[in-house]
Amino acid sequence: MGKVALITGITGQDGAYLSEYLIKKGYTVHGIKRRASLFNTDRIDHLYQDPQLNDRNLILHYGDMTDSMNITRIISDIQPDEIYNLAAQSHVKVSFDTPEYTANVDGLGTLRILEAVRLLKLTEKTRIYQASTSELYGLVQEIPQKETTPFYPRSPYAVAKMYAYWITVNYREAYNMFACNGILFNHESPLRGETFVTRKVTRALSRIALGIQGEVYMGNLSSKRDWGHAKDYIKAMYLILQQDQPDDYVIATGVTTTIRDFISRAFKEIGVIVEFRGEGANETGEIIGIDKDLFVDKIGEAYLAAIQSRIGEKVVKVDPKYFRPTEVELLIGDATKARTKLSWEPQYTLDTLIKDMMTSDVKAMKKEAYLRDGGYRIMNYFE
Ligand code: NAP
Ligand code: G4F
């Protein structure tokens with residue numbers, strides 16, 4: 001009999017990749033999804049339709065991290081071997097607007113899982129993975145950041161996740177539970193939520209190239225992130241729960257890049273050369289050239305004349321409304337422990353991640369382009 005896993009946050013980026021990964025390993029995967037007024041299972045719908053996968057191996061339950069009885073009942077019914085607690089209000093900027101809700105879901109939600117396992121007397125059977133984050137390092141106290149680096153959270157999100165981190169450690173020590181933190185640095189993919197910076201950029205740049213968006217407004221272009229691919233990072237989650245002893249691990253690439261450089265590289269991937277000038281809220285990114293062959297290959301001949309006519313135009317601008325009250329300026333992780341103890345190695349580089357995201361968004365936006373009149377539009381409502 002295969003193992004049984006419960007994934008909270010199964011409808012999110014990581015939940016989608018992890019559920020597919022575990023089903024392919026022979027697991028029966030149960031997921032908690034929220035009731036929403038529109039369908040919210042886009043990222044996992046293909047798992048039901050894939051003839052290679054047995055659809056009985058994916059079972060969804062309505063639930064919410066703020067509802068203790070619901071969580072306890074689901075865990076009691078399923079009796080999981082492994083729980084991956086991925087559910088969270090995961091947007092740092094939004095956490096400044098909804099700090100109490102974020103604390104409830106991201107902080108107390110983790111306690112609800114741990115306490116349910118304890119009260120149901122599943123501590124011997126059920127292993128728990130907690131989705132901790134590099135945001136814990138916040139105002140960094142050491143470069144690069146590793147498992148022993150002191151935390152200095154800089155947002156309601158990070159403070160809530162700090163509670164979740166320590167309550168996981170506490171339940172491990174107090175009740176001998178197999179409960180582990182994966183301290184994951186930023187990881188992205190074509191399934192990344194549209195309001196996180198990388199996906200906002202790959203969507204916007206695809207739209208600019210196709211002439212359905214004029215420009216994109218960004219926040220802090222100078223902050224630096226250590227970006228990996230979600231497909232690599234969910235493998236680390238699995239490995240963390242397969243060890244003999246429970247422990248906490250940093251998962252990162254060890255490479256850090258500014259938002260500005262991410263934008264330049266994503267543009268370059270489709271043959272558009274941009275140059276940034278100015279500082280702070282006055283900084284802009286201007287198209288200074290087009291690599292015609294690359295642009296035609298990636299975007300198409302039909303769009304070449306329009307993009308060439310935009311050389312000299314500013315297509316990236318800054319809107320201070322995207323600045324955060326307190327910013328995390330620099331993240332760069334040292335994943336030596338995971339590399340040695342878990343034998344975890346990422347397959348993607350930043351350039352192959354960008355290529356994957358741009359290819360996917362250009363394809364998606366082309367569909368949209370066909371449905372539009374081709375006039376330039378300015379869409380800046382994404383956080
Ligand atoms: P995501 O795409 O935002 O997914 C979050 C998931 O949580 C979604 O399924 C969401 O449901 C669910 N959720 C939110 N509030 C909930 C609630 N009250 N009750 C039940 N479910 C709820 O996040 P992700 O990028 O996959 O990240 C997964 C986890 O890793 C999160 O805990 C995040 O904080 C953490 N993390 C992420 C990164 C990263 O770079 N991606 C790095 C470190 C840690 P809906 O689909 O209905 O919204
Ligand atoms: O993509 P972001 O919103 O991700 P952030 O804040 O680093 O958080 C993500 O990674 C964490 C791991 O470290 C996770 F725990 C968390 O759940 C989430 O997945 O922003 C990255 C950087 C920030 O410095 C932000 O200020 O990009 C900067 N930025 C600049 N312009 C922007 C924008 N961020 C967003 N979302 N939108 C912008 O227009």
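In this chain, numbering begins with 1 at the start of the sequence shown. Counting starts at 1 for both ligands and their atoms, in listed order. Predicted model, so just to flag it, every value in this text is computed and none were measured.
- Residue Thr133 approaches ligand 2 through these ligand atoms, each under 4.0 Å from one of its heavy atoms: 11 (C), 12 (C), 13 (O), 14 (C), 15 (F).
- Of the candidates Glu327, His187, Gln89, Lys161, Glu327 brings a heavy atom nearest to atom 26 (O) of ligand 2.
- Judged purely by atom type and a 3.5 angstrom limit, Tyr62 has no side-chain atom pairing as donor or acceptor with the backbone of Asn70.
- Asp77 pairs by the side-chain contact (heavy atoms from CB on, under 4.5 Å) definition with Arg73, not counting sequence neighbours.
- Scored by the side-chain contact (heavy atoms from CB on, under 4.5 Å) test, Asp356 finds Pro190, His229, Tyr348 as partners (sequence neighbours excluded).
- Between Phe262 and Trp227, the ring planes lie tilted relative to each other; the angle falls in the 30° to 60° range.
- Comparing Glu194, Arg324, Glu329, Lys93 by heavy-atom distance to atom 3 (O) of ligand 2, the nearest is Arg324.
- Those atoms of ligand 2 that come under 4.0 Å of a heavy atom in Ser134, given as number and element, are 12 (C), 13 (O).
- Relative to atom 9 (C) of ligand 2, the option among Asp14, Leu330, Asn186 with the closest non-hydrogen atom is Asn186.
- Remark: ligand 2 atoms within the under-4.0 Å shell around heavy atoms of Asn220 are 28 (C), 29 (N), 30 (C), 31 (N).
- Comment: Arg277 engages Glu286 in a salt bridge, judged by a side-chain N to carboxylate O separation of less than 4.0 angstrom.
- Of the residues listed (Phe151, Tyr137, Tyr171), the one engaging Tyr165 in a ring-ring contact (aromatic ring centres under 6.0 Å, His included) is Phe151, and it is the only one.
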Output, in order, the C-alpha distance, side-chain angles, deciding distance and verdict of ring pair (Phe, Tyr, Trp, His ring centres under 6.0 Å) for His91 and Tyr157.
CA-CA 7 Å; His91 202 285; Tyr157 167 80; 9.0 Å; no
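- Proximity to Ser90 (heavy-atom distance under 4.0 Å) selects the following atoms of ligand 2: 16 (C), 17 (O), 18 (C).
- Atom numbering of ligand 2 starts at 1 in the shown order; those under 4.0 Å from a heavy atom of Gly219 are 30 (C), 31 (N), 33 (C), 39 (O).
- Look at Phe323 and you'll find every heavy atom at least 4.0 Å from all atoms of ligand 2.
- By the 3.5 Å distance cut-off applied to N or O atoms, Phe185 is not counted among the residues near ligand 2.
- With ligand atoms numbered from 1 in the order given, ligand 2 contributes 14 (C), 15 (F), 16 (C), 17 (O) to contacts under 4.0 Å with heavy atoms of Tyr157.
- Backbone and side-chain nitrogen or oxygen atoms of Arg192 are examined, and one is located within less than 3.5 angstrom of a nitrogen or oxygen of ligand 2.
- In this structure a side-chain-to-backbone donor-acceptor pair under 3.5 Å is missing from Thr41 to Ile44.
- Near Lys200, meaning under 4.0 Å from any of its heavy atoms, are these atoms of ligand 2: 38 (C), 39 (O).
- Pocket lining of ligand 1, defined as residues with a non-hydrogen atom under 4.0 Å away: Gly9, Thr11, Gly12, Gln13, Asp14, Arg34, Asn40, Asp64, Met65, Leu86, Ala87, Ala88, Ser90, Tyr101, Val105, Ala131, Ser132, Thr133, Tyr157, Lys161, Leu184, Phe185, Asn186, His187, Arg192.
- Here Thr359 pairs with nothing under the side-chain hydrogen bond (donor to acceptor under 3.5 Å, both in side chains) rule; sequence neighbours left out.
- Side chain of Asp226 to main chain of Gly333: a donor-acceptor pair is present (N/O by atom type, distance under 3.5 Å, no hydrogens or angles).
- Here the shortest heavy-atom distance to atom 23 (C) of ligand 2, taken over Arg225, Glu135, Arg199, Arg154, belongs to Arg225.
- For atom 36 (N) of ligand 2, the nearest non-hydrogen atom from the set Ile263, Asp226, Thr195, Val92 belongs to Thr195.
- Of the listed options Val197, Val201, Leu331, Val197 places a heavy atom closest to atom 32 (C) of ligand 2.
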